[in-house]
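Nothing fancy with the numbering, it's 1 onward along the sequence.
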Amino acid sequence: MMSQMPQLSACPSCEWPLESGDRFCGACGYDLSAVPARPDDSPTIAMNGAPPGGPWPEVPHPPAEVHLPADLRGTESGGHEPPPSGPVVGSPVPPVPGVRFDRSPEPDEYVLQAPDPRVAAGPPAPAEGSKVCVACRAGRVDDDGYCENCGHAQPRERDHMEQEAGPIAAVSDRGLRHHRNEDAFSLGTSVLPDGSPATFAVVCDGVSSATRPDDASLAASRAAAEALLTALPQGTHPQQAMHEAIVAASRAVNSLAAEPATAREHQPHQNAPACTIVGSIVAPSLLVVGWVGDSRVYWVPTDRSSPPARLTEDDSWAAQMVAAGLMNEAEAYADERAHAITGWLGADAYELDPHTASFKPDRPGVVVVCTDGLWNYAEAADEMAEAVPADAAARPLHTARVLVGHALDGGGHDNVTVAVVPFPTPPQGAGSA
């Protein structure tokens, strides 16, 4: 029988190399006896072309009825038929009739039950106290700010900040266009020497064209808050305390420019960190504001039949044009140079000139302290009042969120920071000294 088998050097099914006398392909189990003998005058084809060393053995065209590997029953290497069992447990893919796998079935004691596909194996639970990913809500966040489970970059701590301090609140958001939040704020409550309460809010906007604007705004807001918390309980007049707080903030920003010489070597042309500042102090019968730059304070009375007001004047090119009578306000703020600031905190500022003013409102309302990321979308006082909810005095955090949302809905081109400070009803019989 062996002499009647065609002598092939490669399996006609899978092209596995064969040896003389093979009855079955060692790779796919193809029954080589099923290949008919080649007639002498049969046309031939070359499999996969001819290699440089010589032609491949010629294989006849398949007959009209072709036996596919799935049509034939394979055998074990010893020539015995395989057991009629089902799929081999542990095989990488289900066996197909006529195909033999080189790896033997695993013994029964090593058989493992397949996991239930309905129960997904999630990542290990983060350790208690560690930060959880905001994307998958399962993975732990590493020190670089990325999820160890899904790799998602986490929001920076300053991308969105909210704070309540007694009756006042503030919200700061990165906005929709900036890659980071360069604004900062500080809130505080204090007690005056006569026992009456005082609240304050400080908002700072980093100058994006300067180096480390986010560091500048943070340093300024913290230094101003510390100065106010020290001065107000000692009996310093709130307007004087505001002036001193701005000076302290300026010194804090200036100190950021004193970097090691090695840092300057890597960035010899960098400019000094810089930011703007605006703040407000509310006492029982007094409202004090202070600023350097173009961040603003608005007064919005609870009774909307009374007019609102803007309490600050920008240190900007547009404000200078209006003050000099060269342009009206609409023309000045429509100019591309409108937001070029003429006053800021920083080592390269021309001269520190803190602005302060005090007011004695005769009715309750709220004080809105904000960066231009908000007032760009509500510039006039009546526009700002329209954006402020009617219950702002009772819900300052909600109001701050609404105002930030107003800026984001308008386009969110800049960082947005707003603090809401309610102004109480003046005591009965209080004069307007």
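- The minimum heavy-atom distance between Pro238 and Leu286, with the atom names listed, is CG-CD2, 3.9 Å.
- Judged as a side-chain hydrogen bond (donor to acceptor under 3.5 Å, both in side chains), and not counting sequence neighbours, the contacts of Asp194 are Ser196.
- In terms of the side-chain hydrogen bond (donor to acceptor under 3.5 Å, both in side chains) criterion, Trp375 has no residue partners (sequence neighbours excluded).
- Among residue pairs with one or both ends in residues 214-241, those qualifying as salt bridge (charged side-chain N to carboxylate O under 4.0 Å, His left out) are Arg180-Asp214, Arg212-Asp215; sequence neighbours excluded.
- Residues Leu408 and Gly175 approach most closely at CD2-CA, 3.7 Å, considering heavy atoms.
- Judged purely by distance below 3.5 Å, without hydrogens or angles, the side chains of Thr236 and Glu244 never pair a donor atom with an acceptor atom.
- The side-chain contact (heavy atoms from CB on, under 4.5 Å) test with Thr371 singles out one residue from Thr276, Thr417, Val418, and that residue is Thr417.
- Across all non-hydrogen atoms, the minimal contact from Tyr333 to Ser316 is OH-OG, 4.0 Å.
- Residue pairs satisfying the salt bridge (charged side-chain N to carboxylate O under 4.0 Å, His left out) criterion with at least one member in residues 320-332, sequence neighbours excluded, are listed as follows: Arg310-Glu329.
- Scanning for side-chain contact (heavy atoms from CB on, under 4.5 Å) contacts around Leu397 gives Glu162, Glu164, Ala169, Val171, Arg401, with sequence neighbours left out.
- Partners of His398 by ring-ring contact (aromatic ring centres under 6.0 Å, His included), not counting sequence neighbours: none found.
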May I have the list of side-chain donor-acceptor pairs in residues 198-205 shorter than 3.5 Å, sequence neighbours left out?
none

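- Applying the ring-ring contact (aromatic ring centres under 6.0 Å, His included) test to His178 and every residue at least two apart in sequence or in another chain returns nothing.
- For Gln320, the side-chain hydrogen bond (donor to acceptor under 3.5 Å, both in side chains) criterion is met by no residue, not counting sequence neighbours.
- Side chain to side chain, Gln239 and Ser358 meet the donor-acceptor criterion of an N or O pair below 3.5 Å.
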Only distances under 3.5 Å count here; give the side-chain donor-acceptor pairs of residues 380-393 to other protein atoms, sequence neighbours excluded, each with its distance to 0.1 Å.
residue : atom : partner : partner atom : Å
Glu383  : OE1  : Glu379  : N            : 3.0
Glu383  : OE1  : Ala380  : N            : 3.0
Asp391  : OD2  : Arg395  : NH1          : 3.2

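- In terms of the side-chain hydrogen bond (donor to acceptor under 3.5 Å, both in side chains) criterion, residue partners of Asn181 (sequence neighbours excluded) are, by chain and number, Ser172.
- Between Tyr350 and Trp344, the ring centre distance stays below 6.0 Å.
- Within the structure, every pair that satisfies the salt bridge (charged side-chain N to carboxylate O under 4.0 Å, His left out) test and touches residues 271-298, not counting sequence neighbours, is listed here: Arg296-Asp314.
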